[in-house]
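Report on one structure; see the data block that follows.
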Amino acid sequence: ILFRCRMDVDKIIAEGLDQLDKLPAKVQKTTKEMRELDIKCTELMKNTKLKVCGYVKGMKKMTKEQKNHYIAEIDKMYAEAEELSRAKVALATKLYDSVDEDISMMDKTTKKLEAGSRKHNDDDPGTSDGGRRKKKRKGDESEEGSGLNVPAVEMPVDPNEPVYCTCHQVSFGEMICCDNPDCKVEWFHFQCVGMTAGPSNNVKWFCEACRPSFKGTANQWNYETNEPPIVRKKK
């Protein structure tokens, strides 16, 4: 099961990375086209301005036919500039839609990874509470036991991303899940509850709001010292 899950995760990640690899070239190509249109539009407006100035200075000496000819040329130049501007807007809109589509695909990839992770936890006999992990890094697999300190990276926050904890912030870092299945908040950031390490699977942890309802539950986290309970051996 673990091998199959690993293969599925690798496939999902590969598809997501392949999609991201195409993004820089796509953005570069579109912005280059927009820049070329912008140069053409700027040059055209410069020539249009010179044309208008020439018309204003010499209009007193022009015949009606000459005036009409000047005005027709100026109107044509303005129309070309407007067409170039519309083309720039169309490219910008197309790029925006394309990037938005890539973001949506990455959201779907993330959901697939989360679903695969949940399935693995449900199938893993070593998980005693049906996959409700005590310690996790939402949106990012924690490298437990690797000895590596991974620096936190500030990433743009999706306004549609769900919020957690009593701080009502998005998921980040390590989080702990309240053992009350009906907890309204459910997930809490370590730093918000003053934790540095999570309890093992056989230790129960309840949030401050749920604790009164579970006072009699055995093997609970030591909330006063914020550490695992002391196990006293029988004499």
Side-chain angles (χ1 to χ4, degrees), residues 4-56 68-120 136-143 150-165 167-173 175 187 189:
R4 186 175 69 250
C5 180
R6 180 72 259 176
M7 289 184 64
D8 291 342
V9 169
D10 289 343
K11 181 180 178 182
I12 293 171
I13 292 176
E15 290 174 353
L17 290 176
D18 182 61
Q19 190 68 22
L20 282 178
D21 285 341
K22 298 175 183 178
L23 185 58
K26 187 192 309 181
V27 173
Q28 186 177 13
K29 179 177 180 295
T30 305
T31 51
K32 182 181 178 182
E33 292 176 359
M34 291 174 63
R35 188 161 49 248
E36 289 173 352
L37 288 174
D38 190 56
I39 292 172
K40 289 181 181 179
C41 187
T42 301
E43 186 66 23
L44 184 58
M45 290 304 297
K46 180 180 177 181
N47 293 335
T48 304
K49 183 178 180 181
L50 292 174
K51 195 77 172 176
V52 171
C53 290
Y55 172 75
V56 173
N68 290 337
H69 179 71
Y70 254 94
I71 291 173
E73 285 188 341
I74 292 170
D75 287 342
K76 183 180 178 181
M77 294 171 79
Y78 273 124
E80 289 177 5
E82 185 177 1
E83 187 176 345
L84 289 172
S85 296
R86 287 178 178 173
K88 283 196 301 179
V89 172
L91 282 174
T93 303
K94 183 180 178 181
L95 178 60
Y96 176 87
D97 291 340
S98 179
V99 172
D100 187 58
E101 183 179 349
D102 288 339
I103 292 173
S104 297
M105 290 187 68
M106 289 307 300
D107 286 341
K108 291 179 181 178
T109 300
T110 302
K111 290 179 180 178
K112 287 181 181 179
L113 288 172
E114 289 177 348
S117 177
R118 284 195 296 271
K119 185 178 185 303
H120 168 60
K136 79 172 189 175
R137 197 178 292 275
K138 289 179 73 64
D140 182 26
E141 293 298 319
S142 77
E143 300 292 335
V150 182
V153 179
E154 291 294 332
M155 297 294 289
V157 177
D158 184 348
N160 297 319
E161 187 174 353
V163 295
Y164 304 88
C165 193
C167 67
H168 303 292
Q169 298 296 319
V170 297
S171 62
F172 61 84
M175 302 183 72
W187 285 102
H189 303 105

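Any value given below was found using the heavy atoms of this structure, including those in side chains, with hydrogens, waters and symmetry copies removed. Numbers for residues simply follow the sequence, beginning at 1.
- Relative ring orientation between His189 and Phe172 is described as parallel, the plane-to-plane angle staying below 30° on a 0-90° scale split at 30° and 60°.
- Annotation for Glu83: atom CD does not count as buried by contact number, only 12 or fewer foreign heavy atoms lying within 6.0 Å.
- Summarising the geometry, atom CG belonging to Asp75 is positioned 12.0 Å from atom NZ belonging to Lys51; distances are rounded to the nearest 0.5 Å.
- Look at Lys40 and Glu36 and you find no salt bridge, because none of the NZ, NE, NH1 or NH2 atoms lies under 4.0 Å from a carboxylate O.
- Between Leu44 and Met77 the shortest heavy-atom distance is CD2-O, 3.4 Å.
- A donor-acceptor distance shorter than 3.5 angstrom exists from the side chain of Thr31 to the backbone of Gln28, with no hydrogens or angles considered.
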Worked check of side-chain contact (heavy atoms from CB on, under 4.5 Å) between Lys76 and Glu80: CA-CA 6 Å; Lys76 183 180 178 181; Glu80 289 177 5; 3.6 Å; yes

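- Smallest separation of non-hydrogen atoms from Lys26 and Leu95: O-CD1, 4.4 Å.
- In this structure, CE on Met45 lies 10.5 Å from CG on Leu84, to the nearest 0.5 angstrom.
- Smallest separation of non-hydrogen atoms from Cys41 and Ser85: SG-OG, 3.7 Å.
- When all heavy atoms of Thr30 and Leu91 are compared, the closest pair comes out as CG2-O, 3.7 Å.
- For Ser98 (side chain) and Lys94 (main-chain N/O), no donor-acceptor pair under 3.5 Å exists by modelled atom type.
- Within the model, atoms CG of Leu50 and CD1 of Ile74 stand 11.0 Å from one another, a figure rounded to the nearest 0.5 Å.
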Before giving the answer on side-chain contact (heavy atoms from CB on, under 4.5 Å), spell out for Lys46 and Thr42 the whole-Å C-alpha distance, their side-chain angles and the decisive distance to 0.1 Å. CA-CA 6 Å; Lys46 180 180 177 181; Thr42 301; 5.8 Å; no

